[in-house]
Trainee: 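Submitted below is the structure of interest, expressed as structure tokens.
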Amino acid sequence: MEQSTNSGNRALPSWPGDDSHLIPFDVYTNDQVHSLELERFFYNKHWCYVGLEAEVPNPGDFKRTSIGERSVIMVKDKSGQICVVENICAHRGMRFCRERSGNTTSFTCPYHQWNYSLQGDLRGVPMRKGVTSADGVVQGGMPPEFDVADHGLNRLTVACRGGVVFASFDSSVEPLDQFLGPEIVPWFDRLFNGRTLHLLGYNRQRIPGNWKLMQENIKDPYHPGLLHTWFVTFGLWRADNKSMLRMDRHGRHAAMISTRGNAGVGGDVAKVQSFKRGMELHDERIIDIVPEAWWGEPSVVMTTVFPSVIFQQQVNSVSTRQIIPCGSGNFDFVWTHFGFDDDSEEMTERRLRQANLFGPAGYVSADDGEVIEFSQQSFDSKPAGTSLALLGGTDVGDTEHMVTETLIRGMYRYWRTVMDAAP
Amino acid sequence: MEQSTNSGNRALPSWPGDDSHLIPFDVYTNDQVHSLELERFFYNKHWCYVGLEAEVPNPGDFKRTSIGERSVIMVKDKSGQICVVENICAHRGMRFCRERSGNTTSFTCPYHQWNYSLQGDLRGVPMRKGVTSADGVVQGGMPPEFDVADHGLNRLTVACRGGVVFASFDSSVEPLDQFLGPEIVPWFDRLFNGRTLHLLGYNRQRIPGNWKLMQENIKDPYHPGLLHTWFVTFGLWRADNKSMLRMDRHGRHAAMISTRGNAGVGGDVAKVQSFKRGMELHDERIIDIVPEAWWGEPSVVMTTVFPSVIFQQQVNSVSTRQIIPCGSGNFDFVWTHFGFDDDSEEMTERRLRQANLFGPAGYVSADDGEVIEFSQQSFDSKPAGTSLALLGGTDVGDTEHMVTETLIRGMYRYWRTVMDAAP
Amino acid sequence: MEQSTNSGNRALPSWPGDDSHLIPFDVYTNDQVHSLELERFFYNKHWCYVGLEAEVPNPGDFKRTSIGERSVIMVKDKSGQICVVENICAHRGMRFCRERSGNTTSFTCPYHQWNYSLQGDLRGVPMRKGVTSADGVVQGGMPPEFDVADHGLNRLTVACRGGVVFASFDSSVEPLDQFLGPEIVPWFDRLFNGRTLHLLGYNRQRIPGNWKLMQENIKDPYHPGLLHTWFVTFGLWRADNKSMLRMDRHGRHAAMISTRGNAGVGGDVAKVQSFKRGMELHDERIIDIVPEAWWGEPSVVMTTVFPSVIFQQQVNSVSTRQIIPCGSGNFDFVWTHFGFDDDSEEMTERRLRQANLFGPAGYVSADDGEVIEFSQQSFDSKPAGTSLALLGGTDVGDTEHMVTETLIRGMYRYWRTVMDAAP
Amino acid sequence: MVSHMTALSPTEWFAMMQLYAEYDAVVDAAHWERWVQLFTDDCIYRVQPRENFDRGLPLATLSLEGKGMLLDRVFGIRETLFHDPYYQRHVTGPPLVTKVTAEAIELSVNYSVFRTKLSQPTTVFNVGRTIDVVVNTANGLRFSRREFIYDSELIPNSMIYPI
Amino acid sequence: MVSHMTALSPTEWFAMMQLYAEYDAVVDAAHWERWVQLFTDDCIYRVQPRENFDRGLPLATLSLEGKGMLLDRVFGIRETLFHDPYYQRHVTGPPLVTKVTAEAIELSVNYSVFRTKLSQPTTVFNVGRTIDVVVNTANGLRFSRREFIYDSELIPNSMIYPI
Amino acid sequence: MVSHMTALSPTEWFAMMQLYAEYDAVVDAAHWERWVQLFTDDCIYRVQPRENFDRGLPLATLSLEGKGMLLDRVFGIRETLFHDPYYQRHVTGPPLVTKVTAEAIELSVNYSVFRTKLSQPTTVFNVGRTIDVVVNTANGLRFSRREFIYDSELIPNSMIYPI
Ligand code: FES
Ligand code: FES
Ligand code: FES
Ligand SMILES: [Fe+3]
Ligand SMILES: [Fe+3]
Ligand SMILES: [Fe+3]
């Protein structure tokens, strides 16, 4: 084993070597690591996904979600602007909003009926001035120095782009386009090009594994043709499909781009292909793929935006996949499927049919949750173990192929930089 | 944020400022804090509630309960005296008593049948003197220096007052009346004035919140008229009801005393009142209130005895509410409803009907459990947060009104004193 | 309380006194203690039970089990040799084997289809050499320095004796016969004398107590005649049965050997015997005991091999009982009942009928699980408590009787030695 | 084969099964008006811990006498009783018919109720048995008495909706 | 007593109960061929979160149209979809008959599904209600539609087998 | 609609449902004498892990042959087997009738058993299916065989009472 470098923070695992191709199991299981990850990735310096504008079309519409492990509310105010506030009452701290979505003119905490505007400003404090007794004496109430301006809800910084809403607890976070980086923005804009989105519905799963494993999974082009044999069985995956991997300059975000090709079949490809070759579906409607103009050349683009979301375009199925950590050993994975307002009825039906491939029961997604669970089991059982991400070498960089784990190395190179930084 | 004062004990949260109106969320979630609370509030220097004499009317009757997180047995011995012993066998430590209540002449631990008197004295140790082999040799057994007197059950100090039984693991605890203090004793004695109590039954709930939140809730006269809109809707609560708050000199115990009044209605009151004004019950029997001679003027007295119990008199419904912590994030809340031996059948029926207002399904109690759960969710999610208890200012003292959070401040002022003390 | 000796390791509980008759509750509940126990007892210097050869009769047969908290696979390779490998893929660490048993020609991890021989050697790495693009360029793949020889499964050291399979993560572990010691080997060989074993089936239970409590329970000859009143009621237990206790020189392993005797009944014995004397079974078939030639004189021999297994011969019922810890507060207890190839049909039926006495529902075993659970409840509730194992004095040594806790003291004397050793 | 001592006719049995099926459907869909309609005017609805029942202690967790109190409960949970929204789901076994008279049928059924809070795992909320009296009315079979004697004495925080 | 508005004959009721009992037995034994046979050729099989159903959002977690898609699901879970082996166990309440026509019977049932992974404790996997349409065929009663509207919206990792 | 191949008459069906309902009521109320009475003299009562059943391994967790052994079990749990008191609660689905002869009816049912320890939350204790043989006797329907093949192979500590 290579020499290990001690990290700046005592709680942190020590990595073998200076690069990131050997990942200590500890990063997936250590609770102190997890708390620091929440602070540094979810609560500071990063934009996190909160939802789609299409989920709150009208003034007063709100949706409750989470950033990291903190509850937030996305709401459209009367002016049509989207605000995000933390779901903690400024009085005695209750998580006051209980519905998952709805429409309201203001927020009221039921415990003592403190009332807030949709922007989170404190508007009403019952008995603030006390009550007047029978003999005209004013009793109790808030002291004169109490100023409602100091006691609003915690309001987050918000950025909307192409109908997607991001927020941050960190008011000094860099602008969203800089955060995504010029390498990722085009792929983001390809999917969210300004069209109005049409909400199709949700799937939710709790995956008993560390949240980073889902980022890894979608940064791992090595597994789809090997784990998702359904793809191969029905000819939807060829290792020689034209493909590219792109990441931002930090290596934290990435796009996996691929196009169905007809290139000559190399040996390894053949091996994969031959797997259950020649099977046919009884009902082909599930893979009745119709290219869409906005695709351009690629037919599949999976974009991972660190730490909180994945944007999926798998042929005609488009969705956002939100990551909500729940301790170091679990995360909730929330799928929001959508279409576009100009979709024909047939296209909507097509997107819904192809949705059978994805989500907690999907032919090529259910098994991703399974492998994440089983990986976590190993990590829990063997604190001293390490994971090997050596495919394509030890370096980090864009490629024109899929036979590499470079995106995973990129993510952990970034992870080490941020986590090792002085507090 | 005000300057923070470091506490004596490293584990402890640091409070902003010197008073107690800003409560760090940490006090509700930190496990080291919780262990220290158990030691200092439940296991030392405090009396804890174990039950009512009416639950063990006959010699040999016992009831199993808990003080803090330790299992104890309250039993009436042959002389009619009530004893409390810890439910841990002196041999290899088994929690031997499994029934919740019953009648017995002695305690036997099933593992090796060690037998104890109802006072906890070790009486029988099978094979203590070994066994005699065929050739007359004595084999095994306890060594000669083994003295049963050294191996009884852990016996607690007990105090009974007005049919209520308290116990303490701390033999040097101050007398019960001093513990309650002259400010609280009268309110205690008002309810438990020597009459024989008549047991009506139990309700049990596990509330996923820190145990202190229930003490806060019953020390919080600000919420009933605002959260419990049922009260207001049916005219049972008026913010201008004549009322007083009393606490012991430490600020740990309190009594919330109120009387239905007809004073002029101030603006705030009106606001509250108007809430769903004029609703009527289809069946008024649930609020068929009949004053009782022993009430005196007040119609409602809620007495919080720190840390373990609340005594409820809400018009005709009387009960004890025991707090049994279960880690920092949960507590069991055990309701024991009772009446008095001289109750008429109608009065018993009345108490039982009014019981629909209380307990896990009660019109004005189920929501207390809910707000506690939702508060804890915020505390868990945001370690650095604080709760604001500023109503009525920052000081601590008795009042003749309900528009204050002074009792909460009093409790945390006491908490800081006890928790900051050197070990 | 006697003076306490500070242990070498800071995390460790401090024992009152130098011997092991007063056991701190802390050893059953402390998570740091538990991690160190796993390292020192389950993962180093000890042999752990993995199964019976009879469970994998044919080449390719495998069975999944655990050593401590780590998942392992016992498999019979083509040469008929039994191998044990850790169930962690050398790539990104997945616990790849999911079936509990089966037959296979090799192991493949589904995530990226890395393929291993039954001995754990890495055989196949898909796209190891990259893929050849349309224009003939080789893309990606493993770097040239990647050597499959460095990336096999973690292979354990294996020892088979009499049809029982042990394994160790520690390649420097002493030979199995030395590990068992000359005192225990004869009792092991008495049961596993080379006959082919015949698998009858499994029982599994999760017991909410520390794993050591099960070793204690079977090293405790004091309890059977007192807890298992079923034995006494139906005359199957007499405290004066001829009996011996034997342990290895470390005091970690032990054998409880007893023979039905007819010696004169001593007082204590009588007391025990009289318990529900003279009851009769409605159906005696459950205790239709037929001595077997290989028994020799003893009719019951219970052998505890530290830390992982108990070998049971209770008259005609024979089984292995595997201990799989699951945190400090739980362990799984796996019963494998078997017979011998030359058993008559009647004998097989007899073993199956007598199995009603054992396992999670057994007349004389279900209650062992119960007392362990209730003991753990006390330990959790009272960190400062201690357990007393004083029967037969404070020393450690073999005896010719059952009226002693010497085996428990022996186990903890060994425990202190191993746990106190410098890291 | 001989028929049961307290036999119902096939038609009665079918109608009874529909009453039980509708009860569960109605409470799980939170159709409270319909829930009230499944009772007679002078009905008894009670939810009581098994401990109190077994020891003869009269206290119930919820004790409603007559349709008026049922309607008040519906108002209470809709308009005044703040609570976390949740789904409940009943799964009940076959009813045991204990007595059949010209006026009424007495039955008992084992039930389980699962609770699911929004975006949280489903948990076992409450299990037990009922003590039911069903009578025939112009509107069909109705409960004149429905008591839930529950094993789950440690209620997970609160019980808002009727079970 | 009066019979229910939408009454089934005793024979129909018995046959219906057997269909429901067999459905549960078949999926819990993983007899997938038989599972497919319990549906009509043009059947609809859907598993949908209650949230989507209540809000009128069309997305389902699993949505199969016609026997072909059911057969493809069977192939998928057998041959291509890697997953942890587990047992599932259905316990369902009495069906509520909502409509009876000459062609079909419409029903709804509350169900619970328990999941047990090898050597792990049993957990509540999924609960909810179904929306069923049953028709009579030459082979007996068959489902022409079976929708599982589930409360358990937070799926414990994955749903591999049909419920 | 056509009737099922292995049909029971309405009267038989009703009697059968009452047998199943009573079985659950009786074990959950710990009425052990009555529990024994629900079996024939030469009955078989077994509780076996699904793993052993599927692999053809004969070991059962509990295997009682004939009323005598059932009576001995009752004595054992009452008089000799120390254990924590607990409530159990059965919820079972509709029985699947697999064979009907002049002598006996063969059925199978999915079951769930919930356990509640005093002042503790209710948990899923054991789920699985039964293999039952019911015969008609002078005292009505009785079980001549009742096997519980359970999914919940990892028993939560112990199983004291018959399920
Ligand atoms: S906690 Fe929100 S108003 Fe008091
Ligand atoms: S543990 Fe109580 S007698 Fe041994
Ligand atoms: S993790 Fe096993 S092959 Fe990749
Ligand atoms: Fe994938
Ligand atoms: Fe309140
Ligand atoms: Fe034992």
Side-chain angles (χ1 to χ4, degrees), chain A residues 100-101 199-209 226-234 275-276 279-287 319 326 330 332-339 348-349 351-353 355-374 377, chain E residues 36 41-86 117-120 123 125-126 148-163:
Chain A
R100 201 155 37 185
S101 61
L199 186 63
L200 295 179
Y202 303 97
N203 269 317
R204 302 171 190 275
Q205 51 187 141
R206 175 160 291 172
I207 299 179
L226 296 160
L227 172 63
H228 305 308
T229 54
W230 192 92
F231 268 145
V232 182
T233 305
F234 300 112
F275 195 100
K276 302 214 181 59
M279 281 303 311
E280 273 187 18
L281 286 164
H282 291 82
D283 192 322
E284 298 261 335
R285 285 179 296 176
I286 202 170
I287 52 173
S319 72
C326 173
N330 290 278
D332 291 353
F333 202 43
V334 181
W335 302 65
T336 306
H337 283 254
F338 58 90
T348 300
E349 207 171 51
R351 300 196 199 280
L352 289 169
R353 279 213 191 87
N356 280 296
L357 275 64
F358 307 105
Y363 285 119
V364 296
S365 288
D367 38 10
D368 286 322
E370 298 283 289
V371 297
I372 285 172
E373 176 173 358
F374 311 151
Q377 290 172 347
Chain E
V36 175
D41 294 346
D42 59 350
C43 63
I44 297 292
Y45 173 90
R46 284 164 62 81
V47 180
Q48 187 180 37
R50 185 169 170 173
E51 174 183 20
N52 291 355
F53 181 87
D54 290 346
R55 294 176 58 179
L57 298 169
L59 184 72
T61 304
L62 205 50
S63 180
L64 308 177
E65 306 153 79
K67 249 182 188 164
M69 285 195 190
L70 270 65
L71 288 167
D72 289 334
R73 184 73 190 178
V74 170
F75 175 84
I77 59 183
R78 280 233 181 97
E79 302 298 328
T80 76
L81 190 49
F82 168 67
H83 63 276
D84 216 8
Y86 63 90
K117 291 202 161 192
L118 300 180
S119 306
Q120 293 299 320
T123 56
F125 180 59
N126 191 279
F148 293 81
I149 309 302
Y150 63 91
D151 297 354
S152 309
E153 293 165 349
L154 187 65
I155 288 182
N157 202 350
S158 59
M159 179 182 287
I160 306 297
Y161 308 131
I163 58 173

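Chain letters run A, B, ... following the sequence lines, proteins first and then strands; every chain starts at 1.
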Trainee: Between A:Arg285 and E:Met69, is any pair of side-chain heavy atoms under 4.5 Å apart?
Mentor: yes
Trainee: Residue by residue, which of residues 57-65 of chain E have a heavy atom closer than 4.5 Å to a heavy atom belonging to chain A?
Mentor: E:Leu57, E:Pro58, E:Leu59, E:Ala60, E:Thr61, E:Leu62, E:Ser63, E:Leu64, E:Glu65
Trainee: At a heavy-atom separation under 4.5 Å, does A:Phe231 approach chain E through its side chain, its backbone, both, or neither?
Mentor: neither
Trainee: Looking at A:Asn356, A:Leu199, A:Ile207, A:Val371, which makes the most heavy-atom pairs under 4.5 Å with chain E?
Mentor: A:Asn356
Trainee: Say you draw a straight line from OH of A:Tyr363 to CD1 of E:Ile77; how long is it, rounded to the nearest 0.5 Å?
Mentor: 8.5 Å
Trainee: If you count heavy-atom pairs under 4.5 Å with chain E, which of A:Thr348, A:Asp332, A:Asn330, A:Ile286 comes out on top?
Mentor: A:Asp332
Trainee: Tell me, for E:Tyr150 versus chain A, whether the close heavy atoms (under 4.5 Å) come from the side chain, the backbone, both or neither.
Mentor: side chain
Trainee: Is there a side-chain contact between A:Ser101 and E:Arg55, using heavy atoms and a 4.5 Å cut-off?
Mentor: yes
Trainee: Mind checking the CG-CG spacing from A:Leu227 to E:Leu81? Nearest 0.5 Å is all I need.
Mentor: 8.5 Å
Trainee: Within this structure, what is the CG-CG distance for the pair A:Asp367 and E:Asp84, rounded to the nearest 0.5 Å?
Mentor: 12.5 Å
Trainee: Under a 4.5 Å heavy-atom cutoff, which of A:His228, A:Glu284, A:Arg351, A:His337 has the most pairs with chain E?
Mentor: A:His337
Trainee: A:Gly362, A:Ala355, A:Pro360, A:Ser365: which one forms the most heavy-atom pairs within less than 4.5 Å of chain E?
Mentor: A:Pro360
Trainee: When you measure from the side chain of E:Asn157 to the backbone of A:Gln205, do you find a donor-acceptor pair of N or O atoms at a distance under 3.5 Å?
Mentor: no
Trainee: Taking all atoms of both residues into account, what is the closest heavy-atom pair of E:Arg73 and A:Ala361, and its distance?
Mentor: NH1-O, 2.8 Å
Trainee: About how many Å separate CG of A:Leu281 and CG of E:Asp72, when rounded to the nearest 0.5 Å?
Mentor: 4.5 Å
Trainee: Non-hydrogen atoms of chain A under 4.5 Å away: do they reach the side chain of E:Asn52, the backbone, both or neither?
Mentor: side chain
Trainee: Sort A:Phe333 into side chain, backbone, both or neither according to what part of it lies under 4.5 angstrom from a heavy atom of chain E.
Mentor: neither
Trainee: Below 4.5 Å from any heavy atom of chain E, which atoms of A:Leu352 appear? Answer side chain, backbone, both or neither.
Mentor: side chain
Trainee: Give a yes or no answer on whether the side chain of A:Thr229 reaches the backbone of E:Thr80 with a donor-acceptor pair at less than 3.5 Å.
Mentor: yes
Trainee: Quick check on A:Arg353 against chain E: is it the side chain, the backbone, both or neither that has a heavy atom closer than 4.5 Å?
Mentor: side chain
